[in-house]
Student: 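Structure incoming, see below.
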Amino acid sequence: MTYALASGLQQAVFQHLSADPAVSAALGSDLFDALPSGTLPQLYAVLGSEEVVDRSDASAAGARHRFTISVFTSSAGFSLAKEAAGAICDALIDAALVLPRGHLVGLWFERATAQRLEAGGRSITLMFAARVDDS
């Protein structure tokens with residue numbers, strides 16, 4: 001197993017989403033790897049946590065990366081957040097991401113959780129799984 005592909009996978013996911021027309025239409029440039037300081041936009045998405053497990057085999061070192069992308073809105077309803085989350089899913093499912101090292105075997109949607117926030121806004125956390133090989 002190697003964790004060496006994690007940074008490249010994250011960069012590829014971020015670049016792919018940033019370049020996707022539907023994601024850009026939903027979020028504009030408000031897709032973040034780390035939250036900016038100051039006032040947050042009304043609607044934005046953040047790349048989140050990651051869990052990695054070994055999936056090496058006889059042919060190559062590999063890993064399964066489970067990662068989250070969360071969509072947040074200060075709106076009282078889920079509509080805008082669901083549209084953005086849907087665009088993110090459409091952009092990533094079966095995406096042919098090019099990694100700087102190794103290669104992506106596949107990328108799948110696993111689940112989503114929608115929540116009302118105490119401050120009145122909404123959030124949707126999407127979980128994806130990616131299988132990478134270091135070959």
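Starting from 1, each residue takes its place in the sequence as its number. Reckoned from all heavy atoms, side chains included, excluding hydrogens, waters and symmetry mates.
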Student: Salt bridge between D133 and R131, side-chain N to carboxylate O under 4.0 Å?
Tutor: yes
Student: Looking at every non-hydrogen atom in both residues, tell me the closest pair between A45 and L27 and how far apart they are.
Tutor: CB-CD1, 3.6 Å
Student: When you group the ILVMFWY residues by side-chain heavy-atom contacts below 4.5 Å and let the links chain together, are I124 and L47 in the same group?
Tutor: yes
Student: Side-chain heavy atoms nearer than 4.5 Å, only ILVMFWY residues, links allowed to pass through others: does that put L117 and L35 together?
Tutor: yes
Student: Please name all residues satisfying ring-ring contact (aromatic ring centres under 6.0 Å, His included) with F78, sequence neighbours left out, ordered by chain then number.
Tutor: none
Student: Tell me, which pairs form a salt bridge (Lys or Arg N to Asp or Glu O under 4.0 Å) where one or both residues lie in residues 91-101, sequence neighbours left out?
Tutor: R101-D134
Student: Residues two or more places apart in sequence or in another chain: which of them pass salt bridge (charged side-chain N to carboxylate O under 4.0 Å, His left out) with E51?
Tutor: R66
Student: Filter on side chain to side chain donor-acceptor pair (under 3.5 Å), then keep only pairs touching residues 29-40, sequence neighbours left out; what's left?
Tutor: Q10-D33
Student: With side-chain contact (heavy atoms from CB on, under 4.5 Å) as the test, pick out the partner of V132 among L107, L97, L99.
Tutor: L99
Student: Do the non-hydrogen side-chain atoms of R111 and T113 ever get within less than 4.5 Å of each other?
Tutor: yes
Student: Is the shortest side-chain heavy-atom distance between Q42 and T73 below 4.5 Å?
Tutor: yes
Student: Side-chain heavy atoms under 4.5 angstrom apart, residues restricted to Ile, Leu, Val, Met, Phe, Trp, Tyr: same cluster for F109 and V13?
Tutor: yes
Student: Please list all pairs meeting ring-ring contact (aromatic ring centres under 6.0 Å, His included) that have one or both residues in residues 14-58, counting only residues at least two apart or in different chains.
Tutor: Y44-F72
Student: Could you go step by step and tell me if W108 and M127 meet the side-chain contact (heavy atoms from CB on, under 4.5 Å) rule?
Tutor: CA-CA 9 Å; W108 306 272; M127 180 168 283; over 6 Å; no
Student: Check step by step if side-chain contact (heavy atoms from CB on, under 4.5 Å) holds for R122 and Q115.
Tutor: CA-CA 6 Å; R122 305 290 188 258; Q115 297 179 344; over 6 Å; no
Student: Ignoring hydrogens and geometry, is there a side-chain-to-backbone donor-acceptor pair from S24 to S18 under 3.5 Å?
Tutor: yes
Student: Do you reckon I69 sits in the same ILVMFWY cluster as L80, going by side-chain contacts under 4.5 Å, direct or chained?
Tutor: yes
Student: Between V46 and L43, is there shared hydrophobic-cluster membership here, with clusters defined by ILVMFWY side-chain heavy atoms closer than 4.5 Å?
Tutor: no
Student: Please tabulate, for the side chains in residues 81-93, all donor-acceptor contacts under 3.5 angstrom to protein atoms that are two or more places apart in sequence or on a different chain.
Tutor:
none

Student: Look only at the side chain of S74 and the backbone of G121, and say whether a donor-acceptor pair between them is shorter than 3.5 Å.
Tutor: no
Student: Any side-chain donor-acceptor pair under 3.5 Å between T125 and S70?
Tutor: yes
Student: Which is it for S135 and H103 under the side-chain contact (heavy atoms from CB on, under 4.5 Å) test, yes or no, and what are the steps along the way?
Tutor: CA-CA 7 Å; S135 60; H103 71 279; 3.2 Å; yes
